[in-house]
There are 2 protein chains.
Amino acid sequence: MSSVLDALAALEKRAGVSLPDIEVIERAIEPVELRPGEFAFRQGEPHPYVHIVHTGLLKQYFTDQDGSEWIKSFSAEQVPFACLEALSGLPALFTSEAIEASVTERVPFRQILALADRHAQWQKALGTAYALLARIKVRRERDLLMLTAEQLHARFVVESPALAERIPQKDLAGFIGVTPVGLNRIVKRYREKH
Amino acid sequence: MSSVLDALAALEKRAGVSLPDIEVIERAIEPVELRPGEFAFRQGEPHPYVHIVHTGLLKQYFTDQDGSEWIKSFSAEQVPFACLEALSGLPALFTSEAIEASVTERVPFRQILALADRHAQWQKALGTAYALLARIKVRRERDLLMLTAEQLHARFVVESPALAERIPQKDLAGFIGVTPVGLNRIVKRYREKH
DNA sequence: CTTCGTCATTAACCCCGGTTAATCAGGAGA
DNA sequence: TCTCCTGATTAACCGGGGTTAATGACGAAG
């Protein structure tokens with residue numbers, strides 16, 4: 001069973017619809033193999049594909065003028081990712097890079113748009129996916145606004161202990177919004193209390 | 001012309017559709033008058049309405065255990081706001097409060113859902129609105145991650161000078177992620193450089 | 001085995017912003 | 001007019017995190 005089909009099944013359930021012509025998507029799936037450090041897409045480039053991680057781990061990050069990475073999200077098995085701007089031909093706002101050796105399944109976005117234009121069920125599922133993304137991002141906004149770096153770190157290791165093991169400390173730092181040196185101090189304090 | 005109808009016209013254009021039965025929405029519009037300090041909805045309460053500001057200015061903010069406000073967004077004339085969780089009967093993640101005496105036009109979300117179930121055009125327009133929200137929130141996430149409080153303030157006064165005039169300094173502080181005392185120091189430095 | 005590169009760790013120094021508290025300005029209401 | 005309340009401003013103190021740099025750990029490549 002492919003990760004894309006798993007994800008579509010979950011989306012059907014969430015949106016309360018049954019999706020027709022799923023085989024169209026199934027045939028369009030392109031597996032992509034990435035070694036650590038390779039990119040699914042890069043900031044500034046258009047990239048009209050939706051990815052779902054089959055195996056491995058990737059990070060999505062913004063790069064600033066100094067070349068520093070500020071991490072938007074991690075994607076491990078079953079987690080989808082894409083840049084909405086890049087889907088519609090605009091330059092991607094961020095880069096997607098493999099942390100571990102990974103395989104993602106990507107689907108050309110135009111295939112999804114074509115189904116959405118033809119079937120109300122697909123249109124509704126697409127809208128549901130957008131709404132879910134917006135909800136996740138509002139929560140992230142809240143966390144970044146309200147929580148200190150120390151609180152963000154503590155929450156991450158408590159809520160995602162398995163992921164925290166797989167992510168290099170410097171990347172976790174970029175996700176929390178501090179430098180690697182800064183996070184190391186936080187981790188040290190955290191260890192002393194546990 | 002109502003603000004809701006203006007917003008729907010803009011959404012039609014963005015989504016590339018023509019929306020049928022708009023008069024259903026028009027009839028469902030409920031104007032809401034708010035004096036400064038009054039709420040459109042409150043954190044923790046369900047609130048199944050989409051609002052659009054007709055006149056005035058509101059803030060949407062998260063409240064933490066200490067009672068501190070962390071501001072998610074401001075909404076002035078023509079700007080829509082709602083909490084996605086609250087639309088579907090869950091507790092709202094944040095509060096919406098009037099800064100100035102305001103009038104908003106609100107539409108029961110079930111009316112929009114009903115139209116979306118009946119017409120593909122409405123389904124598409126709804127999805128487009130969700131996608132727009134997600135894009136705005138990703139940009140906000142990027143700003144909060146990458147920019148210092150000083151940079152956030154400078155961008156706000158340059159990009160939204162009219163809004164910056166109308167917003168009390170303490171609220172701008174909550175939006176940028178610092179305390180009122182902290183922002184005041186930033187503003188002082190900013191004035192000395194200009 | 002040796003070298004190289006990346007990441008983790010720690011120290012030293014500094015600055016920004018949090019915290020508390022005092023003062024001031026201005027509008028609302030008695 | 002006097003009082004009260006809210007918001008803006010400033011000072012003093014302090015702590016967290018940025019910055020730089022040095023050291024260590026470890027796996028990959030030679």
Side-chain angles (χ1 to χ4, degrees), chain A residues 35-39 57 59 61 63-71 74 97-101 143-157 163-194, chain B residues 35-38 57 59 61-71 74 97-101 143-157 163-194:
Chain A
R35 283 168 295 184
E38 290 186 326
F39 305 102
L57 174 63
K59 58 180 172 181
Y61 58 88
T63 306
D64 62 22
Q65 317 83 308
D66 314 328
S68 301
E69 298 177 6
W70 298 101
I71 294 183
F74 300 103
E97 176 184 334
I99 292 177
E100 304 174 357
D143 291 346
L144 288 175
L145 259 185
M146 295 177 70
L147 301 182
T148 65
E150 193 159 351
Q151 291 171 315
L152 284 170
H153 166 259
R155 284 232 330 220
F156 195 91
V157 297
L163 206 50
E165 292 285 323
R166 295 167 70 182
I167 296 171
Q169 207 179 88
K170 74 179 175 64
D171 287 332
L172 193 50
F175 182 70
I176 285 171
V178 297
T179 62
V181 179
L183 178 58
N184 189 271
R185 274 190 292 243
I186 292 170
V187 170
K188 186 182 177 185
R189 287 202 302 268
Y190 186 82
R191 272 198 300 257
E192 287 167 359
K193 301 222 171 192
H194 295 79
Chain B
R35 283 167 295 184
E38 291 186 326
L57 174 64
K59 58 180 172 181
Y61 59 89
F62 307 104
T63 306
D64 62 21
Q65 316 84 311
D66 315 326
S68 301
E69 299 178 4
W70 298 101
I71 294 183
F74 300 103
E97 176 184 334
I99 293 177
E100 303 174 358
D143 291 347
L144 289 175
L145 259 185
M146 296 177 68
L147 301 182
T148 65
E150 193 159 351
Q151 291 170 316
L152 284 169
H153 166 259
R155 284 229 333 218
F156 194 91
V157 297
L163 206 50
E165 292 285 323
R166 294 167 71 179
I167 296 171
Q169 205 179 90
K170 75 178 175 65
D171 287 332
L172 193 50
F175 182 71
I176 285 171
V178 297
T179 61
V181 180
L183 179 59
N184 190 271
R185 274 191 291 245
I186 292 170
V187 170
K188 186 182 178 186
R189 287 202 302 268
Y190 186 83
R191 272 198 299 255
E192 287 167 359
K193 302 223 172 193
H194 296 79

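Reminder, nothing fancy here: chain letters follow the sequence lines and each chain counts from 1. None of these values were measured; they are calculated from a predicted model.
Side chain of Q169(B), nearest nucleotide from dG17(C), dT9(D), dA11(C): dT9(D).
Across the protein-nucleic acid pair, N184(B) atom CG and dA11(D) atom P stand 11 Å apart, rounded to whole Å. Protein atom CD1 of I99(B) is 11 Å distant from nucleotide atom P of dG7(D), rounded to whole Å. Distance, K59(A) NZ to dC7(C) C1': 12 Å, rounded to whole Å. Atom-to-atom, NZ of K170(A) to P of dT9(C) comes out at 14 Å; the value is rounded to the nearest Å. We find that CD1 of I167(A) is positioned 16 Å from C1' of dA8(C), with the value rounded to whole Å. Rounded to a whole Å, the CE atom of M146(A) is 16 Å from the C1' atom of dG18(C). Summarising the geometry, the separation between CD on E150(A) and P on dG17(C) is reported as 19 Å, rounded to the nearest angstrom. Distance, L183(A) CG to dT10(C) C1': 14 Å, rounded to whole Å.
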All N/O contacts under 3.5 Å from nucleotides 20-27 of chain C to the protein, with atom names and distances to one decimal?
none

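Aromatic ring centroids of F175(B) and Y61(B) lie 6.0 Å or more apart.
A close approach under 4.0 Å does occur between a side-chain nitrogen or oxygen of T179(A) and OP1 or OP2 of dG18(D). Considering only side-chain N and O atoms, R189(A) lies nowhere under 4.0 angstrom from the phosphate OP1 or OP2 of dT10(C). The phosphate of dA28(C) (OP1 or OP2) has no side-chain N or O of R35(B) nearer than 4.0 angstrom.
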Go through F74(B) and D171(B) one step at a time and tell me if the side chain to side chain contact (heavy atoms under 4.5 Å, CB included) criterion holds.
CA-CA 9 Å; F74(B) 300 103; D171(B) 287 332; 4.0 Å; yes
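Interatomic distance, CZ of R189(A) versus CG of N184(A), reported as 10.5 Å (0.5 Å rounding). A distance of 9.5 Å separates CD of E38(B) from CD of E97(B), quoted to the nearest 0.5 Å.
Contact annotation: the side chain of P168(B) approaches that of I99(B) to within less than 4.5 Å [non-hydrogen atoms, C-beta and beyond]. Side-chain contact check for T179(A) versus L183(A): every heavy-atom pair is 4.5 Å or farther apart. Considering only heavy atoms from C-beta on, R155(A) comes within 4.5 Å of D143(A) through its side chain.
At a cut-off of 3.5 angstrom, counting only N and O atoms as typed in the model, there is a donor on one side and an acceptor on the other between the side-chain of R185(B) and the base of dG18(C).
Without hydrogens or angle criteria, D64(A) side chain to D66(A) main chain gives a donor-acceptor distance under 3.5 Å.
The environment of E192(B) atom CD is dense: over 12 non-hydrogen atoms of other residues, nucleotides or ligands sit within 6.0 angstrom.
Taking the screw axis at each terminus of the helix from dC1(C)-dG30(D) to dA30(C)-dT1(D) from five consecutive base pairs, the angle between the two is 30° to within rounding of 10 degrees.
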